[in-house]
**Q** 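First, the structure itself, so that you have it in front of you.
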Amino acid sequence: MLLPVEQEIRHQVADTIRRLYPDAGVPEFAVEMPPNRALGDLAVAVAFQLARPLRKAPRLIAQEIAAALGPMPGVARVDAAPNGYLNCFLDRRQFLLSRLAPAASPRAAGVKTIVEHTAINPNKAAHIGHLRNAALGDTLVRALRFTGTPVEVQNYIDDTGVQVADVVVGFRELERLTLAQVRAIADRPAPPFDYYCWDLYARVTEWYEEDKARLAVRAAALHDIEHGGNDTAALAAFIADRIVRRHLQTMARMNVDYDLLTWESDIIRLHFWNRAFEILKAQGAVFLQTKGRLAGCWVMRIEEAGGAPPADGEAGEPEAGGGETDEEAREKVIVRSNGTVTYVGKDIAYQFWKFGRLGVDFRYRTFAPRPDGRPLWSTTSDTEAAAPGAPTFGRAGRIYNVIDVRQSYLQALLSQALRTMGHAEEAENSIHFSYEMVALSHATARELGYAVSDEEGRKPFVEVSGRKGLGVKADDLLNTLIGKAAEEVARRNPDQPAAERDRTAAMIGVAAVRYFMVKFSRGKVIAFDIDEALNFEGESGPYLQYAVVRANNIFHKFQDREGLGEADLLAGLDSVPAPELAGEDGQHDLWALVLEAGRLDQVVDQVIRSLEFSVLAKYAFGLAQMFNAFYHRYPVLNEERADVRRWRAAGVAYFRAQLTRALDLMGMAVPARM
RNA sequence: GCGCCCGUAGCUCAGGCGGAUAGAGCAUCGGCCUUCUAAGCCGAGGGUCCCAGGUUCGAAUCCUGGCGGGCGCGCCA
């Protein structure tokens with residue numbers, strides 16, 4: 001772990017500057033890593049910043065600080081480099097030995113944190129866009145837990161929206177099926193129900209396009225679903241339940257899991273909105289507009305610039321009688337003139353609940369067993385269905401909503417509502433974790449048989465559309481990758497039993513997807529290309545797994561050939577000389593590997609601060625690369641010098657533990673063989 | 001129109017809270033499997049870091065203004 005020693009250096013250097021140059025003041029300075037280990041392990045460039053106020057050469061300042069610095073625990077020495085850097089060299093033996101000791105205490109717990117992610121409309125199969133959401137969300141959860149933060153993972157289910165209504169319409173109007181008949185379809189093993197609905201949903205979209213008057217059917221269905229207690233609502237509830245179960249299966253394959261499902265229908269039936277509405281009115285956050293275009297609506301003023309929509313279409317004359325005014329343009333409708341609440345309103349109520357600021361709560365039932373055997377809880381509005389023993393949900397101090405960038409405007413409104421209510425702190429801790437969408441590369445769209453229009457052809461990628469049925473289903477992608485992995489495993493390990501081969505292939509396929517989804521910065525559109533995703537060489541999930549498998553193998557062979565366990569190899573190391581680790585031969589490769597492995601906690605901190613998981617992905621990849629190079633160059637098992645051999649084993653043991661942790665943070669498991 | 005994001009090697013992308021020779025993967029070319037798994041390693045070629053100003057001892061990184069691309073801005077969700 002680098003963080004403690006980094007802090008130490010920062011403080012000591014600052015103190016020294018204060019002592020040596022009391023009038024200069026201590027500038028903000030960074031503790032960075034020199035480009036290679038021969039130069040040092042941590043570096044401070046503060047001498048450059050002090051050069052001007054002190055009217056002295058950076059080199060001289062660095063020398064003075066280096067000379068005046070007292071001893072620091074964990075730091076062997078500090079050099080002043082000719083160019084003015086202060087280069088710190090760590091105590092290598094102590095560093096590795098202390099890292100190899102079993103980890104003591106997890107770091108201090110932070111505030112309770114809710115992460116909401118996935119939130120797929122429960123009307124069709126999950127696609128690659130949803131995989132990006134889940135992979136990012138789940139990695140955030142794992143990273144937060146790594147730092148000791150208590151996290152509650154929620155998956156929001158919009159079971160009363162138009163998308164579910166559309167599939168209901170499809171079953172009733174296009175297929176003329178009853179609930180019992182739909183149930184029979186859902187019970188059939190193939191095609192999976194979510195696949196069936198995927199196609200049906202696309203057909204319904206076409207059906208509307210043939211005759212726009214048919215949209216009235218959807219409106220009626222939506223109305224029935226929202227009110228409940230009728231056949232339409234029963235069918236919708238059935239569809240949503242079964243599709244959610246399919247989504248959970250898909251996500252379980254991806255090593256993604258949840259603590260709580262929150263259903264929009266429960267928010268409605270428990271009248272969360274009424275409560276939120278009272279609060280908003282009491283605080284004056286919303287008001288009834290009495291004139292103009294929005295007369296009869298309850299609206300919220302929009303603070304930030306940029307929310308204002310353009311004057312509508314052909315209405316070119318801004319000040320024309322009774323037309324749009326700037327004032328109206330900065331109002332967001334929360335309750336429509338017909339008295340129904342908008343999506344934003346429902347979301348505000350939900351967000352209030354997450355912070356424990358609503359004053360009402362859900363009831364809870366168990367939904368399904370989780371992969372680890374504990375129950376997955378679900379909200380319910382049904383007193384009968386409520387189960388005893390539910391943990392406390394909600395009441396968080398910080399909330400991450402993992403939703404793509406297209407939701408930025410609405411997410412900003414949520415924060416604003418909280419701020420208007422006087423909950424500045426909650427607004428601050430209401431974090432929209434936004435990321436760009438996943439589209440398809442032109443090549444992949446073509447491969448999937450989609451005719452790309454001229455207009456789309458000019459764009460750099462092809463947008464996924466559930467409505468048109470255009471996209472790559474998550475399970476299809478997983479199946480393809482796992483199938484390819486199985487072929488590779490079979491070729492490399494022909495003697496492996498089929499069951500083991502398939503388990504291994506599943507781990508590899510999943511790692512390939514998860515790494516792929518996390519390796520890009522979140523602000524970048526992923527133009528998904530199937531050939532690129534199928535490449536297991538180079539910067540890929542399987543490459544990372546392979547590095548750990550090789551490291552593991554060294555220890556398996558130590559055990560097989562010499563009966564030495566890892567503990568035997570590491571015992572009593574403190575009395576073994578370590579010339580190689582010390583770099584006495586001028587090589588620093590073993591130490592470089594150990595130090596890089598030690599950066600994981602620093603990387604996780606940075607990842608949480610920036611919500612940039614590509615940093616974790618690239619770190620893990622770089623660490624694996626470093627190990628692979630080391631592996632080729634330095635034998636461990638076959639090293640003849642006993643002391644050198646043991647320290648190499650120690651370094652590899654530490655590397656393996658750290659990379660395994662890094663992979664776990666990204667939801668990637670490591671197979672025994674591959 | 002306004003707001004946010006993106007622009008780095010042929011392609012896909014890191015680096016972006018300023019700092020040591022601008023990196024990786026893919027692709028191309030050339031090496032390495034009687035020694036811990038070749039899903040690997042080593043090497044070569046390949047760059048006006050979109051453009052122009054500015055701040056700074058120092059700019060791919062920060063600021064301003066352009067250019068190009070994406071997304072958002074509804075009594076949809």
Side-chain angles (χ1 to χ4, degrees), chain A residues 28 30 32 34-36 39 43 45 48-49 51-52 58 81 83-85 121 158 160-163 222 264 293-294 296-299 302 304-312 329 332-338 340 342-344 346-347 404-410 412 434 436-437 439 441 459-461 463 485 488-489 492-493 508 519-527 529 531-532 535-547 549-551 553-558 561 606 609-610 612 614-615 617-618 621-622 625 628-639 652 673-674:
Chain A
E28 283 287 315
E32 54 198 272
N36 66 67
L39 287 173
F48 300 108
Q49 289 153 277
R52 210 224 261 286
N83 59 6
Y85 272 98
N121 273 303
D158 179 8
T160 58
V162 282
Q163 295 220 11
L222 207 47
E264 182 166 274
R293 190 171 56 89
L294 303 180
C297 297
W298 286 85
V299 300
I302 296 163
E304 278 96 354
D312 280 335
K332 177 73 192 169
V333 173
I334 305 297
V335 179
R336 304 182 186 100
S337 53
N338 68 7
T340 57
T342 60
Y343 168 80
V344 191
K346 279 181 271 192
D347 235 31
D404 76 53
V405 68
R406 287 172 291 194
Q407 298 285 331
S408 294
Y409 176 61
L410 292 163
S434 77
E436 265 291 356
M437 59 177 174
S441 72
K459 289 195 173 190
F461 44 75
E463 198 171 342
E488 299 277 334
V489 174
R492 287 154 214 263
N493 304 286
I508 294 170
K519 77 172 179 179
F520 301 98
S521 321
R522 61 194 170 92
K524 224 124 193 175
V525 176
I526 298 180
D529 189 87
D531 294 333
E532 192 189 341
N535 189 1
F536 292 172
E537 285 163 19
E539 191 189 346
S540 68
Y543 176 95
L544 301 187
Q545 292 174 310
Y546 190 60
V549 166
R550 288 172 136 184
N553 249 338
I554 294 174
F555 291 98
H556 291 152
K557 299 227 157 142
F558 263 121
R561 293 185 191 173
Q606 190 192 338
R609 249 183 296 118
S610 62
E612 196 52 88
S614 58
V615 171
K618 301 285 173 183
F621 175 60
Q625 267 185 322
N628 273 329
F630 180 85
Y631 177 90
H632 275 269
R633 194 158 169 196
Y634 302 94
V636 181
L637 198 57
N638 300 324
E639 169 58 42
V652 172
R673 282 198 283 171
M674 65 184 280

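The structure displayed is predicted, hence computed values, not measured ones. Per chain, numbering begins at 1; letters A, B, ... match sequence-line order.
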**Q** Which part of the nucleic acid, if any, lies within contact of Phe558(A), taking any heavy atom under 4.0 Å across all strands shown: a base, the sugar-phosphate backbone alone, or nothing?
**A** nothing
**Q** Considering only the C1' atoms, how many Å lie between A60(B) and G16(B), rounded to the nearest integer?
**A** 8 Å
**Q** For nucleotides C62(B) and G43(B), find the distance between their C1' atoms and express it as a whole number of Å.
**A** 38 Å
**Q** Looking across every strand, which nucleic acid part, if any, lies under 4.0 Å from Val549(A) by heavy atom: base, sugar-phosphate, or nothing?
**A** base
**Q** Distance between the C1' atoms of U8(B) and G1(B), in whole angstroms?
**A** 31 Å
**Q** Taking any heavy-atom pair under 4.0 Å as a contact, classify Ser408(A): base, sugar-phosphate, or nothing.
**A** nothing
**Q** Taking atom CD of Glu539(A) and atom NZ of Lys618(A), what is their separation to the nearest 0.5 Å?
**A** 3.5 Å
**Q** Under 4.0 Å, counting only non-hydrogen atoms across every strand here, what does Ser521(A) touch: a base, just sugar-phosphate, or nothing?
**A** sugar-phosphate
**Q** Contact class for Asn535(A) (heavy atom, under 4.0 Å): base, sugar-phosphate, or nothing?
**A** sugar-phosphate
**Q** If you look at every strand shown and take non-hydrogen atoms under 4.0 Å, does Asp158(A) touch a base, only sugar-phosphate, or nothing?
**A** sugar-phosphate
**Q** Phosphate oxygens OP1/OP2 of C26(B): is one of them under 4.0 Å from a side-chain N or O of Tyr543(A)?
**A** no
**Q** Arg633(A) near the nucleic acid: base, sugar-phosphate alone, or nothing, with a heavy-atom cut-off under 4.0 Å?
**A** nothing
**Q** Any side-chain N or O of Arg561(A) less than 4.0 Å from the OP1 or OP2 oxygen of C36(B)?
**A** no
**Q** When you compare the side chain of Gln545(A) with that of Ile508(A), does any pair of heavy atoms fall below 4.5 Å?
**A** yes
**Q** Look at the side chain of Arg550(A) and decide which nucleotide, out of A20(B), G40(B), G25(B), has an atom nearest to it.
**A** G40(B)
**Q** Establish, with yes or no, whether the OP1 or OP2 oxygen of C17(B) is under 4.0 angstrom from a side-chain nitrogen or oxygen of Gln606(A).
**A** no
**Q** Ignoring the backbone of Arg609(A), work out which of A77(B), C17(B), G15(B) is nearest its side chain.
**A** C17(B)
**Q** Roughly how many Å apart are A9(B) and G25(B), using the P atom of each and rounding to a whole number?
**A** 16 Å
**Q** Can you tell me how far P of C75(B) sits from CG of Leu222(A), to the nearest Å?
**A** 17 Å
**Q** Tell me if C50(B) is syn or anti. Syn = glycosidic torsion within 90° of 0, anti otherwise.
**A** anti
**Q** Tell me which nucleotide among C36(B), G15(B), C13(B) gets nearest to the side chain of Lys618(A).
**A** C13(B)
**Q** Once you apply a heavy-atom cut-off of 4.0 Å, does Gln407(A) come out as touching a base, just sugar-phosphate, or nothing?
**A** base
**Q** Take atom C1' in A14(B) and the same atom in G23(B), then report the distance between them in whole Å.
**A** 7 Å
**Q** Per the atom types in the model, does the base of C75(B) pair as donor or acceptor with the side chain of Ser337(A) at under 3.5 Å?
**A** yes
**Q** What's the gap between G45(B) and A27(B) when it is taken at their C1' atoms, as a whole Å value?
**A** 12 Å
**Q** Which is true for Ala629(A) with a 4.0 Å heavy-atom rule: it touches a base, it touches only sugar-phosphate, or it touches nothing?
**A** sugar-phosphate
**Q** Polar atom pairs between nucleotides 69-71 of chain B and protein, under 3.5 Å, N or O only, would you list them?
**A**
from: C71(B); atom 1: OP1; to: Lys459(A); atom 2: NZ; distance (Å): 2.9

**Q** In this structure, how many angstroms lie between the C1' atom of C76(B) and the CG atom of Asn121(A), rounded?
**A** 12 Å
**Q** Any strand counts, and the cut-off is 3.5 Å on both contacts for Watson-Crick or G-U wobble. Which nucleotide pairs with U64(B)?
**A** A52(B)
**Q** Atom CG of Asn83(A) to atom P of A20(B): distance rounded to whole Å?
**A** 10 Å
**Q** Under 4.0 Å, counting only non-hydrogen atoms across every strand here, what does Phe520(A) touch: a base, just sugar-phosphate, or nothing?
**A** sugar-phosphate
**Q** Looking only at atom P, what distance separates C51(B) and U56(B), rounded to whole Å?
**A** 23 Å
**Q** Between protein and nucleic acid, restricted to nucleotides 31-33 of chain B and to nitrogen or oxygen atoms under 3.5 Å apart, what atom pairs and distances do you find?
**A**
none

**Q** Work out how far the P atom of C4(B) is from that of G46(B), and round it to whole angstrom.
**A** 40 Å
**Q** Just to be sure I understand the rule, does Asn628(A) reach a base, reach only the sugar-phosphate, or reach nothing, if contact means heavy atoms closer than 4.0 Å?
**A** sugar-phosphate
**Q** Among all residues two or more places apart in sequence or in another chain, which pass the side-chain hydrogen bond (donor to acceptor under 3.5 Å, both in side chains) test with Arg336(A)?
**A** Thr340(A)
**Q** Closest-nucleotide mapping onto RNA chain B: is Leu637(A) or Gln49(A) further toward the 5' terminus? I mean the 5' end.
**A** Gln49(A)
**Q** How would you label the contact of Phe630(A) with the nucleic acid (heavy atoms, under 4.0 Å): base, sugar-phosphate, or nothing?
**A** nothing
**Q** side-chain contact (heavy atoms from CB on, under 4.5 Å), that's the test. Do Met437(A) and Phe461(A) meet it? Break it down for me.
**A** CA-CA 11 Å; Met437(A) 59 177 174; Phe461(A) 44 75; 3.7 Å; yes
**Q** Both Ile526(A) and Phe48(A) contact RNA chain B. Taking the nearest nucleotide for each, which residue is further toward the 5' end?
**A** Ile526(A)
**Q** Just checking Val489(A): base, sugar-phosphate only, or nothing, at a heavy-atom cut-off of under 4.0 Å?
**A** base
**Q** Name the nucleic acid region contacted by Ala81(A), choosing base, sugar-phosphate or nothing; use a 4.0 angstrom heavy-atom cut-off, strictly under.
**A** nothing
**Q** Mind checking who G72(B) pairs with, Watson-Crick or G-U wobble, both distances under 3.5 Å?
**A** C2(B)
**Q** Which one, A77(B), C6(B), C75(B), comes nearest to the side chain of Lys524(A)?
**A** C6(B)
**Q** State which of G72(B), U21(B), C36(B) makes the closest approach to the side chain of Pro35(A).
**A** U21(B)
**Q** Please pick, from U56(B), C41(B), U12(B), the nucleotide with the shortest atom-to-atom distance to any side-chain atom of Arg52(A).
**A** U56(B)
**Q** Return the nucleotide paired to C29(B): Watson-Crick means purine N1 to pyrimidine N3 with N6-O4 or O6-N4, wobble means G-U with N1-O2 and O6-N3, both under 3.5 Å.
**A** G43(B)
**Q** Once you apply the 3.5 Å cut-off to both distances, tell me the Watson-Crick or G-U wobble partner of U34(B), or none.
**A** none
**Q** Between C41(B), C26(B), C36(B), which nucleotide gets closest to the side-chain atoms of Gln625(A)?
**A** C41(B)
